[in-house]
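Below: the structure, in structure tokens.
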Amino acid sequence: MAETNRGFFIHLQDKKAVVTEQEIPMPVVGPDDVLVAVSGASVNPVDLKRAASGDQQVMGFDTVGRVVRTGANVSGFSAGQKVFFAGEGQRQGSFARYQSVTSKLVVATPRGFESTFLASLPLTGITAWELLFEKMGYTASAGANHGQVLLVINGAGGVGSILTQLAKWSGLTVVATASPKNFDWLTANGVDHALDYHQDLTTAYQALNLAAPTGVAILYQPVPYAQVAADLVAYFGHVGSIVEPSGPLALAPLKNKSASFDFEYMSAKTDAGVNVASQGAILQQLADLLQSGAIRPTATRTFPVLTTETLTAGLHTLQAGHAVGKLTFHVGNLQ
């Protein structure tokens, strides 16, 4: 029987996510590609942002699945092998039965983890790794950054939940903000000191009697937090963000501290065709840390099947702005 593919499309109607499903062509498998039958996926804020921009493609930037076939230039993968990856911004995503992706991004899954748990890791894990270790200059090694402090704004979100774990593994003292109801989640993910984001954060941080943070990771809209970051960050430190500013971003206060501001966008490498293989290498390191128990998956809710109704529910949870960890889906192929 010939393979058939179905995909889910996200639209915004009165600013609310609406999902439709339809049959779509099988993905093209180029000579350097791997075709995967998708078994696990996850939602991310970027799905909504791209839908809001009018993007008409199938979204989904976290994939777990099994290899169906490979391109002529690909070695190291075989049919039936379980793999995972973060997708490419310019190609069909994981909200479909089948997905094709460059083999440079694909990694064999660590043993003992269900697809839906693994689907919580690729996009947020790579984003967090790139922000911490490529942009903010921390050393990606166990305990290597001992004695330094990192402040994380929105530590309970998708990226924050893995970034705090990686920061703790690398030796940083981690301070993170969240609602008090999520403080236990922060602690479970490596946070040493939890701050209520409703409070005056400059005063709350200073009350901890810690050294100035060498890094401030703003994992939420950066405009309201730019002044706090500038006030607190250490001389020669880094302020990083993963969210496009909603308006003018006041960076002048960083100048006299000789501090840097860094944006991180995971799809930039694949969009530009620059250093693409590094993302597969990062995911492999994340898989190794997961297998060793140094980090853990961040899925907090799993939908038993991907449908228009469940995908809509997941997207509406993101739109409400209070999602903790990651929301994942069984897509329907082999687990």
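One-based numbering along the sequence shown. Predicted, not measured: the structure shown is a model, and the values here were computed from it.
Atom CD of Gln291 has more than 12 neighbouring heavy atoms from other residues, nucleotides or ligands inside a 6.0 Å radius. The 12-atom threshold is not exceeded at CZ of Phe117, counting heavy atoms of other residues, nucleotides or ligands nearer than 6.0 Å. Counting heavy atoms of neighbouring residues, nucleotides and ligands inside a 6.0 Å radius, atom CZ of Arg301 does not exceed 12 of them. The number of heavy-atom neighbours closer than 6.0 Å to CD of Gln13, taken from other residues, nucleotides and ligands shown, is 12 or below. Environment of NZ in Lys135: crowded, with over 12 heavy atoms of neighbouring residues, nucleotides or ligands closer than 6.0 Å. Atom CG of Asp271 has more than 12 neighbouring heavy atoms from other residues, nucleotides or ligands inside a 6.0 Å radius.
Paired with Tyr205 under the rule side-chain contact (heavy atoms from CB on, under 4.5 Å), one option of Val216, Val228, Leu232 passes, and it is Leu232. Of the candidates Lys326, Lys49, Arg50, Lys326 is the only one forming a side-chain hydrogen bond (donor to acceptor under 3.5 Å, both in side chains) with Asn44.
The heavy-atom pair separating Val83 from Thr109 by the smallest distance is C-CG2, 3.4 Å. Across every non-hydrogen atom of Gln227 and Pro253, the tightest pair is OE1-CG, 3.9 Å. Residues Val152 and Leu150 approach most closely at CG2-CD2, 3.6 Å, considering heavy atoms. What you find for Ala96 and Asn5 is that their closest heavy atoms are CB-OD1, 3.9 Å. When every heavy atom of Thr310 is checked against every heavy atom of Val305, the shortest pair comes out as OG1-O, 2.8 Å. Considering every non-hydrogen atom in both Ala51 and Met59, the closest pair reads N-CE, 3.7 Å.
When side chains are defined from C-beta on, Val43 counts as touching Phe329, because their heavy atoms get closer than 4.5 Å. With contacts defined as side-chain heavy-atom distances shorter than 4.5 Å, the pair Met266/Val46 does not qualify. Looking only at side-chain heavy atoms (C-beta outward), Ser241 and Phe261 come within less than 4.5 Å of each other. Between Val67 and Val106, the closest side-chain pair of non-hydrogen atoms is not below 4.5 Å. Contact check for Ser115 versus Lys82: side-chain heavy atoms found under the 4.5 Å cut-off. At least one side-chain heavy atom of Gln165 sits under 4.5 Å from a side-chain heavy atom of Thr298. A 4.5 Å side-chain heavy-atom check between Arg66 and Ser39 finds every atom pair outside the cut-off. At a threshold of 4.5 Å between non-hydrogen side-chain atoms, the residues Tyr235 and Ser258 do not count as touching.
Gln279 contributes no side-chain N or O that, together with a main-chain N or O of Pro122, makes up a donor-acceptor pair within less than 3.5 Å. Counting only distance, with no hydrogens or angles, the side chain of Lys257 and the backbone of Gly237 share no donor-acceptor pair below 3.5 Å. Of the possible donor and acceptor atoms, none in the side chain of Gln92 sits under 3.5 Å from a partner among the backbone N and O of Pro27. In this structure a side-chain-to-backbone donor-acceptor pair under 3.5 Å is missing from His316 to Lys16. Without hydrogens or angle criteria, Thr63 side chain to Phe84 main chain gives no donor-acceptor distance under 3.5 Å. Distance alone, capped at 3.5 Å, is enough to place a donor-acceptor pair between the Asn145 side chain and the Ser170 backbone. Formation of a donor-acceptor pair under 3.5 Å by the Thr307 side chain with backbone atoms of Glu309 is found in this model. Panel note: side chain Tyr138, backbone Gln148; no donor-acceptor pair is recorded below 3.5 Å. Using a distance-only test at 3.5 Å, with no hydrogens or angles considered, a donor-acceptor pair links the side chain of Ser100 to the main chain of Val28. Counting only distance, with no hydrogens or angles, the side chain of Gln221 and the backbone of Glu244 share a donor-acceptor pair below 3.5 Å.
Geometric assessment of Arg296 against the ring of Trp169 yields a negative cation-pi assignment under the 6.0 Å and 45° thresholds.
To the nearest 0.5 Å, the span separating CD on Gln285 from CG on Leu290 amounts to 13.5 Å. Atom-to-atom distance recorded for Gln90:CD and Ser267:OG is 8.0 Å, nearest 0.5 angstrom. The CZ atom of Phe95 sits 5.0 Å away from the CG atom of Leu311 when rounded to the nearest 0.5 Å. For the atom pair CG of Asp33 and CD of Gln99, the computed distance is 10.5 Å after rounding to the nearest 0.5 Å. Atom OG of Ser120 and atom CG of Leu327 lie 10.5 Å apart (nearest 0.5 Å). For the atom pair OG1 (Thr116) and CG (Asp62), the distance works out to 12.0 Å, reported to the nearest 0.5 Å.
The aromatic rings of His11 and Phe9 lie parallel to each other, their planes meeting at an angle below 30°, with 60° marking the opposite boundary.
In summary, Glu130 and Lys269 engage in a salt bridge, as defined by a charged side-chain N under 4.0 Å from a carboxylate O. The pair Lys168-Asp192 counts as a salt bridge, with a side-chain nitrogen and a carboxylate oxygen less than 4.0 angstrom apart.
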Practice prompt. Report the C-alpha distance between Thr328 and Ser42 in whole Å, list the side-chain angles of each, state the deciding distance to 0.1 Å, and finish with yes or no for side chain to side chain donor-acceptor pair (under 3.5 Å).
Written response: CA-CA 4 Å; Thr328 62; Ser42 180; over 6 Å; no
Practice prompt. Applying side chain to side chain donor-acceptor pair (under 3.5 Å), run through Asn189 and Thr164 and close with a yes or a no.
Written response: CA-CA 6 Å; Asn189 289 315; Thr164 56; 5.3 Å; no
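A continuous path of Ile, Leu, Val, Met, Phe, Trp and Tyr side chains, each step under 4.5 Å between heavy atoms, connects Val276 with Phe77, placing both in one hydrophobic cluster. Note on Leu131: it clusters hydrophobically with Leu283, by side-chain heavy-atom contacts below 4.5 Å among ILVMFWY residues.
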